[in-house]
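What follows is a set of notes on a single structure, which appears directly below.
Keep in mind it's a predicted model, so treat the numbers as computed, not measured. Heads up: numbering here begins at 1 and tracks the sequence.
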Amino acid sequence: MMINKQLLLTYLYLLIYILLSSGVILYNKWVLSPKYFNFPFPITLTMIHMGFSGLVAFFLIRVLKVVSPVKMTFEIYATCVIPISAFFAASLWFGNTAYLFISVAFIQMLKALMPVATFFMAVICGTDKLRCDVLVNMVLVSIGVVISSYGEIHFNVVGTVYQVTGIFAEALRLVLTQVLLQKKGLTLNPITSLYYIAPCSFVFLFVPWYLLEKPGMEVSQIQFNFWIFFSNALCALALNFSIFLVIGRTGAVTIRVAGVLKDWILIALSTIVFPESMITKLNIIGYGIALCGVVMYNYLKVKESRASQLPMASIMDRTAKDLKMEKKSSDLYVPDDVVNSSGTRNGSQDSITDEEAPLIPSNRISHLGRSQLGSHSA
């Protein structure tokens with residue numbers, strides 16, 4: 001009965017993640033679209049998200065003291081937080097600006113390029129190697145996206161460039177997060193990551209906002225509804241925590257699979273919420289081809305992850321066998337009264353158990369710290 005409850009709770013977290021992720025994307029499109037709420041200022045909307053998230057994180061850490069801030073030095077902040085925040089701000093800026101020009105359905109199809117962008121950025125930064133099997137998957141994804149783009153009725157070059165640029169900025173941010181934070185041994189949960197990254201991203205967004213959007217906001221009639229912007233920022237914040245809950249309960253692979261399911265649901269929902277968003281057969285065929293490449297890529301990553309864990313498991317198995325042989329030999333040649341008085345047998349086994357125990361938690365925490373930073377752009 002306990003297993004069923006745990007499984008039900010996991011599915012509930014996945015459902016909450018899918019609903020929140022889809023809701024935030026549709027909500028942003030509705031707010032930015034000239035046909036609906038008509039607030040065509042994506043940088044301003046992103047700054048509202050960053051400011052609200054930073055304030056909530058500050059309140060949780062400094063006032064309520066829900067979690068403790070990490071040991072942040074100026075050197076770590078300058079070399080890790082600032083560059084990560086810069087690309088985080090860029091990915092959100094370009095991604096939200098794309099909503100002004102292209103449909104939600106087409107944006108989700110273009111997001112299939114994320115593994116391609118991440119792989120090539122990882123190769124450039126030296127964290128991954130250029131391999132033929134992965135390269136074939138990347139070509140397959142790219143072909144699928146090209147076919148899907150060719151079948152797009154309302155294709156817009158500017159919107160496509162914005163979205164693709166945002167994808168590559170997000171990919172570079174993910175790679176930098178892995179390279180920089182892991183080298184420093186720094187792991188951030190959702191609250192601490194927002195505490196350090198959101199204010200810095202807000203500052204980076206201020207420059208393009210001042211140059212591009214502030215002049216237009218001074219002369220145009222802007223409708224500002226506090227509750228709409230508050231609820232929109234609250235949904236974006238809740239999405240951060242839902243991603244952390246899903247990864248903490250399942251893993252990064254499960255959230256990738258859930259992301260694929262979410263994309264299909266979101267594409268279908270977008271055609272209902274925004275009737276002008278039309279999908280053609282060529283769109284579906286191209287996106288299907290791209291998803292085949294994405295699924296194969298995820299399979300290779302899971303296979304690599306399991307293969308990397310095998311050597312450690314084999315070492316542990318050999319150690320356990322050696323201990324058993326040692327125990328048998330001790331039983332043959334060492335008198336019982338000597339063993340009972342020294343206690344070396346139990347002591348050696350306990351020490352091995354203590355060494356094995358931290359392996360899974362430390363790896364899992366590292367996984368969480370890397371994955372949750374992509375929450376806003378999910």
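- Side-chain contact between V157 and V161 is present, with heavy atoms from C-beta onward closer than 4.5 Å.
- The environment of Y11 atom OH is sparse: at most 12 non-hydrogen atoms of other residues, nucleotides or ligands sit within 6.0 angstrom.
- Heavy-atom contacts from other residues, nucleotides or ligands closer than 6.0 Å to CZ of F204 number more than 12.
- For the side-chain contact (heavy atoms from CB on, under 4.5 Å) test, residues two or more places apart in sequence or in another chain that qualify with I285 are I289.
- The ring-ring contact (aromatic ring centres under 6.0 Å, His included) contacts involving residues 270-305 comprise Y36-F274, W264-Y287, where partners must be two or more places apart or lie in separate chains.
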Legend entry - Steps toward side chain to side chain contact (heavy atoms under 4.5 Å, CB included) verdict (L92, M50): CA-CA 10 Å; L92 294 175; M50 293 294 96; 3.8 Å; yes

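- The aromatic rings of F41 and F39 sit perpendicular to each other, their planes meeting at more than 60°, with 30° as the lower class boundary.
- In this pair, Y162 and F94 present their aromatic rings tilted. The plane angle is within the 30 to 60° band.
- Looking at V56 and L234, their side chains never come closer than 4.5 Å, going by heavy atoms from C-beta outward.
- Ring geometry, W227 versus F230: the interplanar angle exceeds 60°, so the pair is classed perpendicular (tilted spans 30 to 60°).
- In this structure, a donor-acceptor pair under 3.5 Å is absent between the side chains of S85 and Y196.
- With a 6.0 Å radius and a threshold of 12 heavy atoms from other residues, nucleotides or ligands, F74 has its CZ atom at or below the threshold.
- The shortest non-hydrogen separation linking K29 to V104 is CG-CG2, 3.5 Å.
- Residues S149 and F106 have side chains in contact (heavy-atom distance under 4.5 Å, counting atoms from C-beta outward).
- Atom OH of Y77 is surrounded by more than 12 heavy atoms from other residues, nucleotides or ligands within 6.0 Å.
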Inset, instruction - Show your reasoning for whether side chain to side chain donor-acceptor pair (under 3.5 Å) applies to Y195 and S53. - result: CA-CA 8 Å; Y195 177 76; S53 299; over 6 Å; no

